[in-house]
Amino acid sequence: MKVTLNVWRQPAAQAPGKLETYDLDGVSADMSFLEMFDMLNEKLTLEGKEPIAFSHDCREGICGSCAMMINGQAHGPWKGTATCQLHMRAFKDGDIITVEPWRASPFPIVKDLVVNRGSFDRIIQAGGYVSVNTGGARDANEI
Ligand code: FES
């Protein structure tokens with residue numbers, strides 16, 4: 001299938017950012033959202049363009065580092081599912097998908113979709129934890 005991606009591009013923390021549009025063909029419904037991004041980044045690299053920076057670690061839905069906003073929803077349309085476990089079958093051929101970083105004052109943007117998670121890491125290092133109210137998403141500013 002083919003999708004059109006509007007992706008937040010910001011070269012550095014203090015630089016201005018904007019949405020840039022990319023058309024991507026040949027996307028499999030079985031790909032994870034991050035695998036689709038890998039495919040886009042391979043295409044951008046082959047075209048001599050800067051790949052999109054995004055965070056990921058486990059790609060198993062455990063670490064939470066792949067957080068991003070997809071069409072205005074944290075992690076995308078599948079409730080309680082990390083972006084790395086979101087699959088492209090959640091979208092239809094021809095869909096337009098807007099991808100932005102997780103925007104919250106404690107998590108400043110570092111580059112593109114990468115944010116500084118230092119404030120969250122400090123809570124973990126102090127032995128604390130953050131629970132999620134299943135009644136609705138919490139804004140990171142509440143943490
Ligand atoms: S990369 Fe670890 S939860 Fe997505």
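Predicted model only: the values in this text are computed from it and were never measured. As the structure lists them, so they are numbered: ligands from 1, and atoms in each ligand from 1.
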Donor-acceptor list for residues 61-69 side chains, cut-off 3.5 Å, not counting sequence neighbours:
unit_1	atom_1	unit_2	atom_2	d
Ser65	OG	Asp57	N	3.2

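- Contact check on Lys2 versus Asp93 returns no salt bridge, with no Lys/Arg side-chain nitrogen under 4.0 Å from an Asp/Glu carboxylate oxygen.
- For the atom pair Glu50 CD and Asn41 CG, the distance stands at 9.0 Å (nearest 0.5 Å).
- Using bins of under 30°, 30° to 60° and over 60° for the plane-to-plane angle, the ring pair Phe120/Phe107 lands in the perpendicular bin.
- Scanning for side chain to side chain donor-acceptor pair (under 3.5 Å) contacts around Arg9 gives Tyr22, Asp112, with sequence neighbours left out.
- Shown here are the protein N/O/S atoms lying under 2.8 Å from atom 2 (Fe) of ligand 1, water excluded: Cys58 SG, Cys63 SG.
- Remark: His56 engages Arg59 in a side chain to side chain donor-acceptor pair (under 3.5 Å) (not counting sequence neighbours).
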